[in-house]
There are 2 protein chains.
Amino acid sequence: MTIKELARELEMSTTTVSRVLTGQEKKYRISEKTAQRVREMANQLDFAPNQIARNLRLQKTNTIGLIIPDISNPFFANLARTVEEELRRRGKMVLLCDSKDDTQIEEESVQLLLSRKVDGLLVAPVGEKWEHLQKKVAVPVVLLDRYFEHKDLPYVTTDSFFGAYKATSFLIEKGHRHIACIQGLTGTTPNEHRVKGYESAMQNHGLSQNITIAGSDYSMINGYESTKELLARPETPTALFALNNQIAMGCMKALKEYDFSIPDEISLIAFDEQPYFELLSPSLTAIKQPMEGIGKVAVEMLFELMDEKKVAPQMLKPMLIERDSVAPIPQKS
Amino acid sequence: MTIKELARELEMSTTTVSRVLTGQEKKYRISEKTAQRVREMANQLDFAPNQIARNLRLQKTNTIGLIIPDISNPFFANLARTVEEELRRRGKMVLLCDSKDDTQIEEESVQLLLSRKVDGLLVAPVGEKWEHLQKKVAVPVVLLDRYFEHKDLPYVTTDSFFGAYKATSFLIEKGHRHIACIQGLTGTTPNEHRVKGYESAMQNHGLSQNITIAGSDYSMINGYESTKELLARPETPTALFALNNQIAMGCMKALKEYDFSIPDEISLIAFDEQPYFELLSPSLTAIKQPMEGIGKVAVEMLFELMDEKKVAPQMLKPMLIERDSVAPIPQKS
DNA sequence: CTAAATTGCACAATCGTTTGTGCAAAACTA
DNA sequence: TAGTTTTGCACAAACGATTGTGCAATTTAG
């Protein structure tokens with residue numbers, strides 16, 4: 001069913017039909033009687049305009065490309081959910097790409113999305129390269145979670161430094177001195193900021209000597225192996241700070257396997273919160289990221305960019321959720 | 001950069017350029033020299049054809065619509081990941097819709113996707129209505145997870161009956177007699193089949209009297225409240241069978257709150273497996289669904305339908321993963 | 001009653017591709 | 001050399017919508 005067929009049925013021109021259906025009847029002085037007829041027939045025949053043709057003509061697709069490193073990571077799944085919901089509210093649909101944390105797939109995805117003429121791009125980049133997100137990208141781009149400093153690519157993310165500083169301070173206040181940090185993908189901004197937050201907190205409390213950083217990516221396996229490695233060291237830490245939810249899972253697995261009791265023998269705190277954290281034994285103390293906020297703000301920002309407005313990057317504050325995986329250590333006198 | 005500009009640059013017709021770029025040079029006898037020039041220039045100017053125009057002309061978008069009830073549920077997130085990966089391999093992109101388990105949103109999404117002329121639809125339906133998936137849908141549709149019996153809508157799903165039967169039998173073999181089942185959304189096929197599997201196992205072991213079914217949807221809150229309600233009954237069950245991962249989480253939360261020890265006082269088994277199940281204390285015995293298989297088979301099926309082939313629905317077998325949340329009960333003599 | 005203004009709609013171009021067909025020029029045949 | 005075949009490419013019409021503009025018919029103004 002095309003607009004032409006609909007017009008033939010009504011015995012009028014496609015022009016008139018189109019104008020009525022796009023609500024421009026007044027602007028073009030279509031009589032109310034005619035308009036009525038058009039709407040009725042359209043309704044009755046259940047006509048829906050071919051969006052492809054529309055997109056071509058209007059040079060606008062009402063489609064946003066969403067590139068995410070791993071949709072099976074609940075952090076990103078939640079982000080995707082919020083983004084999809086917000087975009088739907090505003091009449092856009094989302095073309096989803098999962099880059100599998102592979103920069104090459106990410107670059108290809110950008111190309112694919114651009115050739116499909118998306119109106120904008122929402123990208124949680126792998127974080128290794130940025131050129132493909134800035135050069136020759138004719139549409140607005142907003143970065144999620146990971147970003148690039150000094151690159152003038154707008155982003156929305158958690159204040160990682162703040163969160164890590166808070167988590168580390170919390171452990172220190174509880175009497176911990178030997179706190180190890182198990183990091184995620186090095187070179188990515190959130191990771192670097194979390195590490196810096198951790199280091200700053202340690203330094204500011206005179207614990208520079210005790211700074212211990214292990215790990216190399218955001219996977220459960222990394223958490224698992226780094227923990228085992230840390231436990232094997234002569235001076236085992238009394239607390240672990242896992243820089244994302246998957247790493248934290250790996251930590252728990254290793255600790256469980258080695259029969260370390262949390263929090264009696266070792267405390268654990270995670271950056272990033274998941275619903276099941278409260279069900280673990282012990283329930284897991286965590287830094288909760290404002291995921292919904294990130295999604296909403298990113299979409300808003302994208303719309304402002306599409307309206308040719310200027311935007312400023314945003315860092316949203318995370319929150320500490322106290323549970324049972326952290327125990328105080330008696331102060332040595 | 002359009003093909004017209006590219007053609008002007010090369011001082012030839014768009015026809016020729018198009019034919020080279022679509023690899024039809026031989027078919028239309030374009031000289032190798034010309035072809036070479038075209039490819040070089042296209043490369044150099046970094047030309048990518050406007051897919052919208054292409055879609056319109058070819059009456060094909062290479063886009064598949066994926067409708068999912070809740071992308072933040074790890075079960076569906078994993079499904080989405082597999083589907084995206086498989087489709088990408090085959091040159092398609094995915095337009096993602098999250099129906100939030102709301103039939104109305106699902107219906108709207110179908111309309112939106114159809115007007116965008118997707119080549120096919122992959123739908124994990126809410127399960128309440130099916131008309132919008134069959135009537136007037138001009139493209140192939142494959143259902144995921146939930147489906148409709150006797151409706152001739154092809155689907156790929158877990159063999160829920162089999163899985164539930166297995167889980168229940170497992171509990172019975174361990175000596176449990178009072179097993180309660182906490183169900184998900186009633187009226188949806190997986191739920192009904194799981195319930196039936198549970199009931200059959202009970203009946204076949206002479207435990208018809210003990211059949212106890214609680215709950216009403218696939219949420220954590222449902223698991224939580226149903227469990228509390230079950231614990232309040234005069235004869236509390238010795239084992240719980242949660243019909244999905246979120247319900248299981250709710251069960252654990254309630255049991256924890258009420259200080260019920262798993263598995264000493266009560267055993268728990270879940271339909272659907274999640275990575276963190278092994279980290280819970282105790283680790284959670286579960287029926288693992290072949291999620292990757294579902295995604296892959298669904299995509300294959302969709303392609304067969306697009307090739308106008310016939311397909312048969314598929315039920316994939318789940319697997320029991322034994323962990324520590326189920327304990328044997330000493331047989332009463 | 002005539003001229004001007006308004007009303008109501010249709011023509012045709014356009015968005016950027018792909019493709020059936022046509023037509024010279026080149027190559028071949030006899 | 002003249003006729004036929006082959007080679008190499010371009011014209012122009014789609015695909016299905018939107019929209020600037022034009023032009024009758026009707027209404028209003030004077």
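No experiment lies behind these values; they were computed from the predicted model shown. In what follows, every chain begins at residue 1, and chains take the letters A, B, ... in the order their sequences are listed.
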So that I can tick it off, tell me whether [Y] and [X] are bridged by a salt bridge, with the cut-off set at under 4.0 angstrom between side-chain N and carboxylate O.
{"X": "A:Lys135", "Y": "B:Asp46", "result": "no"}
{"X": "A:Glu84", "Y": "A:Arg88", "result": "yes"}
{"X": "A:Glu32", "Y": "A:Arg39", "result": "yes"}
{"X": "B:Lys100", "Y": "B:Glu106", "result": "no"}
{"X": "B:Arg8", "Y": "B:Glu5", "result": "no"}
{"X": "A:Lys129", "Y": "A:Glu107", "result": "yes"}

Does a donor on one side chain sit under 3.5 Å from an acceptor on the other, for [X] and [Y]?
{"X": "A:Glu128", "Y": "A:Thr103", "result": "yes"}
{"X": "A:Arg116", "Y": "B:Thr61", "result": "no"}
{"X": "B:Ser18", "Y": "B:Thr15", "result": "no"}

Notebook entry, point to check: For residues 27-49 of chain B, which residues have at least one heavy atom under 4.0 Å from DNA chain C?
Noted result: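 B:Tyr28, B:Phe47, B:Pro49, in order of number.
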Note to self: Using heavy-atom distances to pick each residue's nearest nucleotide on DNA chain D, tell me which of B:Ser13 and A:Val17 is more 5'.
What the structure shows: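 Per heavy-atom nearest nucleotide, the more 5' residue is B:Ser13.
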Check: Relative to the ring of B:Phe148, is the ring of B:Trp130 parallel (under 30°), tilted (30 to 60°) or perpendicular (over 60°)?
Finding: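 B:Trp130 and B:Phe148: tilted rings.
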Notebook entry, point to check: First and last nucleotide of DNA chain D touching chain B, 5' to 3', heavy-atom cut-off 4.0 Å?
Noted result: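 For DNA chain D, the relevant span reads D:dT7 to D:dG16.
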Check: So what does A:Gln51 touch, heavy atoms closer than 4.0 Å: a base, only the sugar-phosphate, or nothing?
Finding: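 No contact.
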Next item on the list: Please round to 10 degrees the angle between the axis of the first five pairs and the axis of the last five pairs in the helix from C:dC1-D:dG30 to C:dA30-D:dT1.
Entry: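 What I find for the helix from C:dC1-D:dG30 to C:dA30-D:dT1 is an axis angle of 50°.
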